[in-house]
Amino acid sequence: MKSIVISAGRNIGVHPMTASEWQNLRSQVARILESVDAQVFTRDAIGYGEWIGDDHQVIKEESVTYSAAVSDSALEQIQSDLRGLAKQFKQEAIALIVGESVLVRG
């Protein structure tokens, strides 16, 4: 099992996608996780981030994050599906963090 975090931003370039596009992207990320039987811990967590554009300007945008545990064999499918979403929604990238879970006991 691997722990994963998926994060995506709302902007297409420097402008936010429409509300319906944004909801559609978020729903499709959830479907990707369902399709690989992920154990989802955080769903559709909305936050705000910022990044530096090509012109060195700070660009702020809404973002969404999911965290889950998935089988090692699901990682390739998740990456492929996220790549398709990035193309479909004109995203430069969608972040996927993969790691090992460590339970820290008191």
**Fill in**
Residues pairing under salt bridge (charged side-chain N to carboxylate O under 4.0 Å, His left out) where one sits in residues 50-61, two or more places apart or in two chains, turn out to be none
**Prompt:** What pairs of residues pass the salt bridge (charged side-chain N to carboxylate O under 4.0 Å, His left out) test when at least one of them lies in residues 82-105, not counting sequence neighbours?
**Reply:** Lys2-Glu100
Determine, using the 4.5 Å side-chain heavy-atom cutoff (strictly less than), whether [X] and [Y] are members of one ILVMFWY cluster.
{"X": "Leu33", "Y": "Ile46", "result": "yes"}
{"X": "Phe41", "Y": "Val98", "result": "no"}
{"X": "Leu85", "Y": "Val70", "result": "yes"}
{"X": "Val5", "Y": "Leu96", "result": "no"}
{"X": "Met17", "Y": "Ile59", "result": "no"}

**Request:** Would you mind reporting whether Val29 and Val64 have side-chain heavy atoms less than 4.5 Å apart?
**Result:** no
**Message:** Please give me the minimum heavy-atom distance between Ser63 and Gly49, naming the atom from each residue.
**Reply:** OG-N, 4.3 Å
Can you tell me how far the [atom1] atom of [X] sits from the [atom2] atom of [Y], to the nearest 0.5 Å?
{"X": "Ile32", "Y": "Ser27", "atom1": "CD1", "atom2": "OG", "answer": "11.0 Å"}
{"X": "Glu21", "Y": "Ile12", "atom1": "CD", "atom2": "CD1", "answer": "5.0 Å"}
{"X": "Ile94", "Y": "Gln79", "atom1": "CD1", "atom2": "CD", "answer": "12.0 Å"}
{"X": "Gln39", "Y": "Met1", "atom1": "CD", "atom2": "CE", "answer": "5.5 Å"}

**Asked** Would you say the side-chain atoms of Tyr66 pair up with the backbone N or O of Ile4, donor to acceptor, closer than 3.5 Å?
**Response** no
**Request:** If a pair satisfies side chain to side chain donor-acceptor pair (under 3.5 Å) and one of its residues is in residues 4-16, list it, with sequence neighbours excluded.
**Result:** Ser7-Thr65, Arg10-Glu62
